[in-house]
Amino acid sequence: MYSYGRSSAQLAVVSNRGAYTIQESHDRLVTRRTVGGLASAVEPVLHAQGGTWISWCGRIDNSGKDRGAKLCIPPGEPRYHLQEVFLSTEEHDNYYHGFCNACLWPLCHQMPERCSFKKVYWDAYRRVNQKFARITMETRKEIYWVHDFHLALVPQLLRNMSGSATIAFFWHIPFPPPDIFQILPWGRQIIYGLLGSDLIAFHTTRYVQNFFDTVACYYPARIYPEQGLIRLHNRRILVQAIPVGINCHRFEQLAADPAVRARAEEIRRSLGAEKILLGIDRMDYTKGIPERIRAMAYFLEKHPEYCGRVTLLQIAVPSRNGIGEYGVLKQEVERLVGEINGRYDRTYGAVPVRYRYQSLDQAELVAHYLAADVLLVTALRDGLNLVAKEFAISRIDGKGVLVLSPFAGAAEELHGALLANPFEPAHLAAKIKMALEMPLQEQKNRLESLRRTIKNRDVRWWWQSNLKLVKSLVSGLSPASTSAANL
């Protein structure tokens, strides 16, 4: 654990959503733990360091108030403070559903045809970022750690309020090449907002290079890729690739739990298949769920000997309910499942695709990982993908194969996976066959490589790397001597 020479509560984490939602019940506030990659990655920092987490907690307030409750978290065993930010109905629609989800999200996933560029979205995004910045500055912390594309303007806004503030930013989704990013009418303002940071971190070296190239399109900055450094307006900004890790100990602990292992066996029996392919994804058009099902159909067409023997279990986690195109995606997935199951219907044997639209808690998630022979991660574009890491760490038995899209950020790290192009059904089907027929010793060798990489870069490594780099900036050390690669 790193100390900054002052109280451990000198850290403020800022993100659109945090680890808890807040609801009113019988004139009292009730907190509920959320499930998500950002929450599971960031909360251990505050448990260890203390501080304040500034986030929207799910409540809509149209009274004009900016801030909501300030609570001690977790309830009953407080380790840090939660400062709630209110959003109005208009802000939720235009900032969150609009600029974040209908503009920046598809743009950064290199799907500009899905983007909606409306000035009303941009105006709401600016107002909400200003609101977050005001509330954040009032916490008067030593270090401000801002997260993700929802709040890209906040670093420069904080810098304007306090020139001496120490500001780190982590961008959790892909950062696209400049020819894609420049489609955004307000791209210059987004980059300017990010450049208010002292440290900007991404998951992969490719995203770092894309960011450097994009900055060069907008500003006369001096860029030093080897050092991971930008110099602009007498300021230096450190830019690094620091991929998010997972809590390896927790997943291994669950994988060894007799109840979880018994549940895994129950899942296998219920599917009635010799071999189980598994897909677990949010219901999002970036995840490649339709492409996966089409590849499964192609696989059964080319290899009929597997009909009735292999099942694809697809868990689709509900996401962004109420947004039209997500409903359309759900209907498409359900239609494809019906088509493949109808085409390869058998009076005996396993059903080709079992589809479940539900969320899983962590123990149930690990049980599914243990039940599977192959995990399919077929994202069309993904910032990282923690499911791939969780699967490999959960397989303490040394069995199981990871089939991974090269367009997921995790592919830069996870060299023991089978890489498969989700845009090409024949290629993905060939990798499915290879995975199903892989000898046990090769499975063990590949898993050993994956697990070693993931353990070396677990969630603790991730947040310590970020904060150590911030500490180097506070101390005035040379960035070259404290880059994430040297930690």
Side-chain angles (χ1 to χ4, degrees), residues 263-321 324-360 364-365 367-380 387 391 400-405 418 420-438:
R263 174 60 182 146
E265 288 300 321
E266 182 183 338
I267 292 168
R268 285 196 70 92
R269 286 194 302 271
S270 71
L271 296 174
E274 292 178 35
K275 297 286 187 178
I276 297 170
L277 308 172
L278 176 66
I280 299 182
D281 315 84
R282 283 190 308 105
M283 182 63 83
D284 192 282
Y285 54 76
T286 65
K287 300 298 184 180
I289 300 174
E291 287 76 10
R292 182 180 309 156
I293 297 170
R294 292 189 187 100
M296 182 66 177
Y298 186 94
F299 170 75
L300 293 176
E301 178 186 342
K302 296 299 181 182
H303 305 286
E305 68 274 15
Y306 279 102
C307 289
R309 296 171 52 206
V310 177
T311 286
L312 166 61
L313 173 57
Q314 177 60 56
I315 309 292
V317 178
S319 176
R320 294 171 185 161
N321 293 328
E325 60 188 346
Y326 287 84
V328 172
L329 174 64
K330 182 173 181 287
Q331 291 174 4
E332 181 187 7
V333 169
E334 290 169 353
R335 176 182 61 80
L336 288 170
V337 171
E339 285 181 1
I340 186 174
N341 285 343
R343 187 185 315 162
Y344 297 99
D345 183 31
R346 294 289 186 273
T347 55
Y348 61 91
V351 175
V353 180
R354 294 287 187 96
Y355 166 73
R356 295 172 187 167
Y357 184 66
Q358 65 181 105
S359 298
L360 303 178
E364 188 72 1
L365 189 64
H368 279 77
Y369 292 152
L370 294 177
D373 296 286
V374 180
L375 177 73
L376 300 177
V377 176
T378 59
L380 307 181
V387 167
F391 171 78
V401 182
L402 172 62
V403 176
L404 180 62
S405 165
L418 289 179
N421 184 353
F423 293 96
E424 187 180 355
H427 189 256
L428 181 51
K431 291 304 176 78
I432 288 173
K433 185 173 187 293
M434 188 182 299
L436 290 172
E437 297 174 358
M438 184 178 291

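From a predicted model like this one, the values you see are computed outputs, not experimental measurements.
Note that CD1 of I267 is 12.0 Å distant from OH of Y369, once rounded to the nearest 0.5 Å. Distance check: L370 CG to L365 CG gives 10.0 Å after rounding to the nearest 0.5 Å. To the nearest 0.5 angstrom, L428 atom CG is 12.0 Å from R294 atom CZ. Distance check, rounded to the nearest 0.5 Å: NE2 of H368 to CD1 of I315 gives 4.0 Å. Rounding to the nearest 0.5 angstrom, the gap separating the CG atom in L402 from the CG atom in L278 is 11.0 Å. Note that CD1 of I276 and CG of L271 are 4.5 Å apart. Values are rounded to the nearest 0.5 Å.
A 4.5 Å side-chain heavy-atom check between V387 and D281 finds every atom pair outside the cut-off. At least one side-chain heavy atom of M296 sits under 4.5 Å from a side-chain heavy atom of V310. Using a 4.5 Å heavy-atom cutoff, the side chains of L418 and M438 are in contact. In this structure the side chain of F299 never reaches within 4.5 angstrom of the side chain of L312, judged on heavy atoms. A 4.5 Å side-chain heavy-atom check between V403 and V374 finds at least one atom pair inside the cut-off. Between V317 and L360, every side-chain heavy-atom pair lies at or beyond the 4.5 Å cut-off. Side-chain contact between L336 and E332 is present, with heavy atoms from C-beta onward closer than 4.5 Å.
Within the structure, side-chain hydrogen bond (donor to acceptor under 3.5 Å, both in side chains) contacts touching residues 421-431 (residues at least two apart or in different chains) do not occur. The salt bridge (charged side-chain N to carboxylate O under 4.0 Å, His left out) analysis of residues 263-273, with sequence neighbours excluded, yields the pairs R263-E266, R263-E364, R268-D373. Residue pairs that meet the side-chain hydrogen bond (donor to acceptor under 3.5 Å, both in side chains) test with at least one member in residues 298-307, sequence neighbours left out, are Y306-E437.
Smallest separation of non-hydrogen atoms from A429 and A295: CB-O, 3.9 Å. Residues K330 and M283 come closest through the heavy atom pair CA-CE, 3.9 Å. Of all the heavy atoms in A273 and A350, the pair that sits closest is CB-CB, 3.6 Å. Of all heavy-atom pairs spanning S319 and Y357, the tightest one is N-OH, 4.3 Å. Summarising the geometry of Y344 relative to C307, their closest heavy-atom pair is CD2-SG, 3.8 Å, with the distance given to 0.1 Å. Residues P318 and S359 share a closest heavy-atom pair of CD-OG, 3.8 Å.
A donor-acceptor contact shorter than 3.5 Å links the side chain of T378 to the backbone of G288.
Listed by chain and residue number, E274 satisfy the salt bridge (Lys or Arg N to Asp or Glu O under 4.0 Å) test with R309 (two or more places apart in sequence, or in another chain). Residues satisfying the side chain to side chain contact (heavy atoms under 4.5 Å, CB included) criterion with T286, sequence neighbours excluded, are W105, H109, M111, D284. Residues satisfying the side chain to side chain contact (heavy atoms under 4.5 Å, CB included) criterion with V351, sequence neighbours excluded, are N341, R354.
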